[in-house]
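Here's the structure we're looking at; comments come further down.
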Amino acid sequence: AEIDEILRDIVRDDKRAGAVISGLRAMMRRRPGERQPVDLSQLVEETVAMLNMNIQTQNVNVQENLETDCTVIADRAQLQQVLVNLIVNAVEAMQSAGVHGRRLFLEVRNGAMVQCAVHDTGKDLRPHRLSQIFEPFWTTKVEGLGMGLAVCRSIINAHDGAIWAEIAQDGGAVFRFELPKAAFHALAPA
């Protein structure tokens with residue numbers, strides 16, 4: 001059982017490092033991604049399914065509130081990279097929480113912009129950290145690179161969106177991003 005857990009950690013860390021490196025390569029090349037209509041609610045469901053093993057291993061209870069008709073024009077792979085990073089960070093932030101207190105709430109709302117929220121019950125964010133967490137190489141993790149949230153911000157900004165973090169009223173953190181709805185977004189390549 002211990003070897004299985006170690007191997008899962010290795011695979012998870014390898015995938016995460018690969019995602020960060022891919023994101024950095026794309027940013028360095030400054031090539032626009034392949035933009036197409038993406039249903040953000042569907043992409044959240046697919047990402048949770050992809051990360052299901054990691055989520056179950058950490059005994060995290062996932063709750064979703066995903067509205068319909070939440071289509072954005074985006075590079076699907078880049079947007080999924082943002083979701084993977086936010087969800088993996090949320091799961092890691094809850095490792096010190098009691099097993100019964102690990103809850104991940106994912107929300108996609110339709111409005112003037114399409115908004116996605118990733119809410120965890122992990123370590124509380126401190127107000128003074130809110131202005132730093134999206135800076136490159138800034139991290140609270142012993143083994144972290146400090147690039148994940150910086151890459152997320154770059155991707156969301158490149159899609160004419162915004163990303164921010166909030167301190168949750170009931171503990172933990174909420175990371176939100178919003179993107180223009182497909183109906184209001186120019187379909188020309190960025």
Side-chain angles (χ1 to χ4, degrees), residues 12 15-16 19 23 33 35-127 129-130 133-134 148-149 151-185:
R12 183 188 72 226
K15 287 180 182 178
R16 189 171 8 137
R35 304 274 175 108
Q36 60 187 1
V38 176
D39 182 326
L40 189 54
S41 291
Q42 181 182 3
L43 190 60
V44 167
E45 287 179 331
E46 291 172 12
T47 305
V48 169
M50 182 178 72
L51 297 172
N52 191 45
M53 179 68 90
N54 187 26
I55 291 169
Q56 285 185 353
T57 301
Q58 297 299 323
N59 296 310
V60 174
N61 178 24
V62 178
Q63 298 173 342
E64 298 174 345
N65 181 17
L66 308 175
E67 293 184 1
T68 59
D69 193 30
C70 294
T71 302
V72 297
I73 302 299
D75 180 299
R76 183 179 190 82
Q78 289 181 1
L79 204 49
Q80 188 164 49
Q81 181 175 339
V82 170
L83 290 168
V84 166
N85 193 310
L86 295 178
I87 293 169
V88 168
N89 282 355
V91 170
E92 289 177 354
M94 292 185 281
Q95 286 180 344
S96 62
V99 174
H100 298 294
R102 297 178 186 178
R103 289 183 313 278
L104 177 64
F105 181 67
L106 302 166
E107 181 178 34
V108 176
R109 291 188 308 185
N110 195 357
M113 302 275 277
V114 174
Q115 188 177 102
C116 180
V118 178
H119 177 180
D120 67 64
T121 55
K123 294 184 240 176
D124 291 342
L125 277 179
R126 304 288 179 243
R129 290 185 177 169
L130 291 175
I133 59 177
F134 291 101
L149 290 175
V151 169
C152 289
R153 181 178 62 183
S154 295
I155 290 170
I156 297 299
N157 287 347
H159 284 80
D160 300 321
I163 187 169
W164 65 95
E166 302 169 353
I167 299 169
Q169 290 180 349
D170 59 347
V174 182
F175 284 82
R176 297 183 191 276
F177 66 87
E178 62 183 14
L179 297 167
K181 291 175 67 166
F184 302 117
H185 194 279

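Between F175 atom CZ and H119 atom NE2 the span is 11.5 Å, to the nearest 0.5 Å. To the nearest 0.5 Å, atoms CD (Q78) and CG (L83) are separated by 12.5 Å. Atom CD of Q36 and atom CG of D75 lie 7.5 Å apart (nearest 0.5 Å). Taking CD from Q80 and CD1 from I155, the interatomic distance works out to 11.0 Å, rounded to the nearest 0.5 Å.
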Could you go through the side chain to side chain contact (heavy atoms under 4.5 Å, CB included) check for F105 and D120 one step at a time? CA-CA 6 Å; F105 181 67; D120 67 64; over 6 Å; no
Please step through side chain to side chain contact (heavy atoms under 4.5 Å, CB included) for the pair L43 and D39, ending with a clear verdict. CA-CA 6 Å; L43 190 60; D39 182 326; over 6 Å; no
Step by step, would you call R102 with N61 a side chain to side chain contact (heavy atoms under 4.5 Å, CB included)? CA-CA 6 Å; R102 297 178 186 178; N61 178 24; over 6 Å; no
Run the side chain to side chain contact (heavy atoms under 4.5 Å, CB included) check on I55 and I87 step by step: do they pass? CA-CA 9 Å; I55 291 169; I87 293 169; 4.3 Å; yes
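Residues I156 and E178 come closest through the heavy atom pair CG2-O, 4.2 Å. Scanning both residues, L106 and L66, for their nearest heavy atoms gives O-CD2, 4.0 Å. The shortest non-hydrogen separation linking F177 to W164 is CA-CZ3, 4.5 Å. When every heavy atom of I73 is checked against every heavy atom of H159, the shortest pair comes out as O-CD2, 3.9 Å. Taking all atoms of both residues into account, the shortest heavy-atom contact from L79 to A74 is CD2-CB, 3.8 Å. Closest approach of C116 to V108, counting heavy atoms only: SG-CG2, 4.2 Å.
Judged purely by atom type and a 3.5 angstrom limit, N110 uses its side chain to pair as donor or acceptor with the backbone of D69.
Using a 4.5 Å heavy-atom threshold, the side chains of V84 and M50 count as touching. The shortest distance between side-chain heavy atoms of Q115 and R176 falls below 4.5 Å.
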